> 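Structure below; questions to follow.
Note: hydrogens, waters and symmetry copies are ignored here, and every other heavy atom, side chains too, is used. The first residue of the sequence shown is numbered 1, and numbering continues consecutively from there. All figures in this text were calculated on a predicted structure; none of them were measured in a lab.
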Amino acid sequence: MSRSCFPAWAFASLNTLNVIRISKYRPTLVGHPWRRFSASTNRRQILDVSALNNRIIPHYQQTKTASLLALHWPEPPRNILLMPKLHAPHVTVSAVEFAKHIHNNYPGLNLVFESHVAQSIHADLPFPIYSAAPAATPVLYAEKIDLVTTMGGDGTILRAASLFSSHFSVPPILAFSMGTLGFLGEWKFDEYKRAFRECYMSGCSVTTEDLGDPHTRTATTTAVDGLPDPEGWDSVRGNGKCMGLNRTSKILLRNRLRVGIYDSEGRNINEQILPTSTAEPSLGLEGEPLLTPHSATPGAAGGRGGNSPYLHAINEVSIDRGSHPHLAIIDIFVNGHFLTEAVADGILISTPTGSTAYSLSAGGSIVHPLVKSLLITPISPRSLSFRPLVLPLHTKVVLKLSKRNRGRELPVSIDGKRRLGVTIGMEVRVEGEKLERTEDGWKGGVPCVIRASSKSDSDGFGEDDDSWVGGLNGLLKFNYPFGSGS
């Protein structure tokens, strides 16, 4: 392995020290003339994520009484991507606490951070962590990451989903609400021990104690030659008893949009899309191609991630007038049929998850995330009769700039994370991502770990709607009364 496969910041020190060699189950230190990150201890290192084992693909099984799916790990997850909210010191402190808990109680796991986060946090962690150069992140994370844990608000979850936007398969996302709103976040941070254990043990066959007990014993392992024995769940004690589908973590597969941007000659130009902000380098480097279209066959990329000629959006795709003083003029086609010429500040194509985001602010409908659909929402349209539409998920929508735009370039944004300017003759093609049911369960979408409801009726509806209804009332203040009597 050459030095060129490591990011430039990996060679700050001039000392000759250790790197990590990956055995079948766990890392071991070996001598090698590469550089170390910190002279204070030989364990505070940032190692390249490419050395880790390929990811474990979980199964999502349909339950008999609920629309939520059941998470089943075929073997214990090993590589955990931890994503704290950016520019939030109190969240960074919590991330360090969480990382130490994982390292101490689940010794077989490897913690992965984005490069800019790893640089700022590794000195506080007395053990090696993993990262990747920003340009290599989209491919390596799709190949290596078993589970994503976010600590922040909805923006942090969007950031996590955007890292896998060029792939069909997304790892499960366990979200802790530590942001401004947190409508998508399921767990409070003070529940992190229970939440992670439920997710980690989901689908296991170990006979152990009750998962619901917040005071369960910490996980321990049997030492072999002074190193933790990672042979599956049998090495972990004090976790929850597996009782089939009823005792697994619940998964909500959030639909995504497939987005392709085409030039006037019909060529896909997704590789020209750039990050909206340089503050998130893991989404790609300014001035470098973010994506190269590949075969749209699921499971390409070594059978793990599977690159696509599309980008995926979990919230919305928007096209707007930008800084121009005149309204945007956009032709909208639905399944090849001309729908209307929109004269507005812009147009939104949203998922049900995105229906409580930008679309809601623009006057769009609120749609439950289990409803397989997509939304067309105008942004401040000139015509008062231009109302939001809810269409079937697999509807093919094309947004094409009208010749009446006077040659202007209008910005297209994907989840607010990536952007590209489009001109007359160019098209934005959008359709819902297909969720496929296979022998191993469901595939596609963004699998989010959902808090199980404390109550449900015989049909399981309470379980499905508990957190969503609570979010509408508690966070969005749905139909909240106003006035002195409220």
> Would you check if L311 and S166 make a side-chain contact, meaning some heavy-atom pair closer than 4.5 Å?
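In short, these two side chains touch, coming nearer than 4.5 Å.
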> Sub-3.5 Å donor-acceptor pair from the side chain of E191 to the main-chain atoms of K188, do we have one?
yes
> Are any non-hydrogen side-chain atoms of T377 and I349 less than 4.5 angstrom apart?
no
> Anything under 30° is parallel, anything over 60° is perpendicular, the rest tilted; go ahead and classify F176 against Y192.
perpendicular
> Does the side-chain contact (heavy atoms from CB on, under 4.5 Å) test come out yes or no for I129 and L47, once each step is laid out?
CA-CA 6 Å; I129 59 176; L47 309 171; over 6 Å; no
> Measure the shortest side-chain to side-chain distance between V446 and L253 over non-hydrogen atoms and say whether it is less than 4.5 angstrom.
no
> Start with the C-alpha gap between E186 and R451, add the side-chain angles, then the distance that decides, and say whether salt bridge (charged side-chain N to carboxylate O under 4.0 Å, His left out) holds.
CA-CA 6 Å; E186 285 290 321; R451 174 196 294 275; 5.1 Å; no
> Roughly how far apart are M426 CE and E265 CD, rounded to 0.5 Å?
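Reported value, rounded in 0.5 Å steps: 11.0 Å.
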> Please evaluate residues N54 and K144 with respect to the criterion side chain to side chain donor-acceptor pair (under 3.5 Å), reporting the C-alpha separation (whole Å), side-chain torsions for both, the decisive distance (0.1 Å), and the verdict.
CA-CA 5 Å; N54 280 347; K144 304 296 183 180; 3.1 Å; yes
> Please find the pair of heavy atoms, one from G445 and one from L435, that lie closest to each other, and give the distance.
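Of all heavy-atom pairs spanning G445 and L435, the closest is N-CD2, 3.4 Å.
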> List for me each residue that meets side-chain hydrogen bond (donor to acceptor under 3.5 Å, both in side chains) alongside S177, sequence neighbours excluded, and say none if there are none.
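Checked S177 against side-chain hydrogen bond (donor to acceptor under 3.5 Å, both in side chains); zero matches.
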> Between S249 (side chain only) and E198 (backbone N and O only), is there a donor and an acceptor less than 3.5 Å apart?
yes
> Give me the atom names and distance for the closest heavy-atom approach of R418 to I273.
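Reported closest heavy-atom pair: CB-CG2, 3.4 Å.
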> So L348 and I379, side-chain contact (heavy atoms from CB on, under 4.5 Å) or not? Walk me through it.
CA-CA 7 Å; L348 295 167; I379 306 172; 3.7 Å; yes
> Using atom types as modelled and distance alone, determine if a side-chain donor or acceptor of R408 lies under 3.5 Å from a backbone N or O of N405.
yes
> Measure from the side-chain N and O atoms of S165 to the backbone N and O of A161, and report whether any donor-acceptor pair falls under 3.5 Å.
no
> Could you go step by step and tell me if V428 and V317 meet the side-chain contact (heavy atoms from CB on, under 4.5 Å) rule?
CA-CA 9 Å; V428 181; V317 178; 4.2 Å; yes
> Can you find a pair of side-chain heavy atoms, one from W73 and one from M201, that are under 4.5 Å apart?
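They are not in contact (no side-chain heavy atoms under 4.5 Å apart), so the answer is no.
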> Can any side-chain N or O of N255 pair as donor or acceptor with the backbone N or O of K372 at less than 3.5 Å?
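Answer holds: no.
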> Does CZ belonging to F478 count more than 12 external heavy atoms closer than 6.0 Å?
no
> So, for E433 and L393, which heavy atoms are closest and what is the spacing to 0.1 Å?
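Heavy atoms of E433 and L393 come nearest at O-CD2, 3.7 Å.
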> List the atom of S402, the atom of E341, and the distance in Å for their closest heavy-atom pair.
OG-OE2, 3.7 Å
> Where the side chain of H103 meets the backbone of A99, is there a donor-acceptor pair that is under 3.5 Å apart?
no
> Rounded to the nearest 0.5 Å, what's the gap from CD1 on I251 to NE2 on H72? Could you check?
10.5 Å
> Between K434 and E436, does at least one N-O distance fall below 4.0 Å, as a salt bridge requires?
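Salt bridge between K434 and E436, a charged N being under 4.0 Å from a carboxylate O: no.
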> Over all heavy atoms of both residues, which pair between A357 and E316 is shortest? Give the atoms and the distance, please.
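Result for this residue pair: CB-OE1, 4.0 Å.
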> Between S115 and P134, is any pair of side-chain heavy atoms under 4.5 Å apart?
yes
> Where do F164 and P171 come nearest, in terms of heavy atoms and distance?
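Closest pair (atom of F164, atom of P171, distance): CE2-CD, 3.6 Å.
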> Let me see the working for K85 and M151 under side-chain contact (heavy atoms from CB on, under 4.5 Å), right down to the final yes or no.
CA-CA 6 Å; K85 181 180 180 179; M151 303 172 62; over 6 Å; no
> Quick one: does E114's side chain get under 4.5 Å of L163's, heavy atoms only?
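They are in side-chain contact.
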> Within the distance-only criterion (no hydrogens, no angle test), does the side chain of D263 pair as donor or acceptor with the backbone N or O of V422 below 3.5 angstrom?
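No, because the side chain of D263 does not come within donor-acceptor range (under 3.5 Å) of the backbone of V422.
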> Mind checking whether L274 and L420 have side chains closer than 4.5 Å, heavy atoms only?
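L274 vs L420: side chains apart.
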> Quick one: does any side-chain atom of D415 pair with a main-chain N or O of K417 as donor and acceptor, under 3.5 Å?
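Looks like no, no N/O pair under 3.5 Å.
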> Quick one: does D124's side chain get under 4.5 Å of V93's, heavy atoms only?
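Counting from C-beta outward, D124 and V93 never come under 4.5 Å.
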> If the plane angle is over 60° it's perpendicular, under 30° parallel, otherwise tilted; pick one for H368 and W468.
tilted
> Roughly how far apart are I102 CD1 and R197 CZ, rounded to 0.5 Å?
9.0 Å
> Taking K400 for its side chain and E427 for its backbone only, find out whether a donor-acceptor pair lies under 3.5 Å.
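No: the side chain of K400 does not pair with the backbone of E427.
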> Where the side chain of R159 meets the backbone of P84, is there a donor-acceptor pair that is under 3.5 Å apart?
yes
> If you measure from CD1 on I173 to CG on L252, what distance do you get to the nearest 0.5 Å?
11.0 Å
> Parallel, tilted or perpendicular for Y200 and Y106, by the 30°/60° rule?
perpendicular
> Is the shortest side-chain N to carboxylate O distance from D345 to R321 below 4.0 Å?
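Salt bridge flag = yes for R321 with D345.
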> Quick one: pull up CD1 in I319 and CD1 in I332 and give me the separation to the nearest 0.5 Å.
10.0 Å
> Given N315, which of I414, L158, L257 fulfils the side chain to side chain contact (heavy atoms under 4.5 Å, CB included) condition?
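Answer after filtering I414, L158, L257: L158.
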> Less than 6.0 angstrom from the centroid, inside 45 degrees of the normal: does R267 satisfy that with respect to the ring of Y262?
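Checked: cation-pi criterion not met.
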> Hey, what do you get for OG (S120) to CG (L86), rounding to the nearest 0.5 Å?
9.0 Å
> Out of N110, V148, L111, which residue meets the side chain to side chain contact (heavy atoms under 4.5 Å, CB included) rule with L81?
V148
> May I ask you to check whether T353 and R254 show a side-chain donor-acceptor distance below 3.5 Å?
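Yes, a side-chain donor-acceptor pair sits under 3.5 Å.
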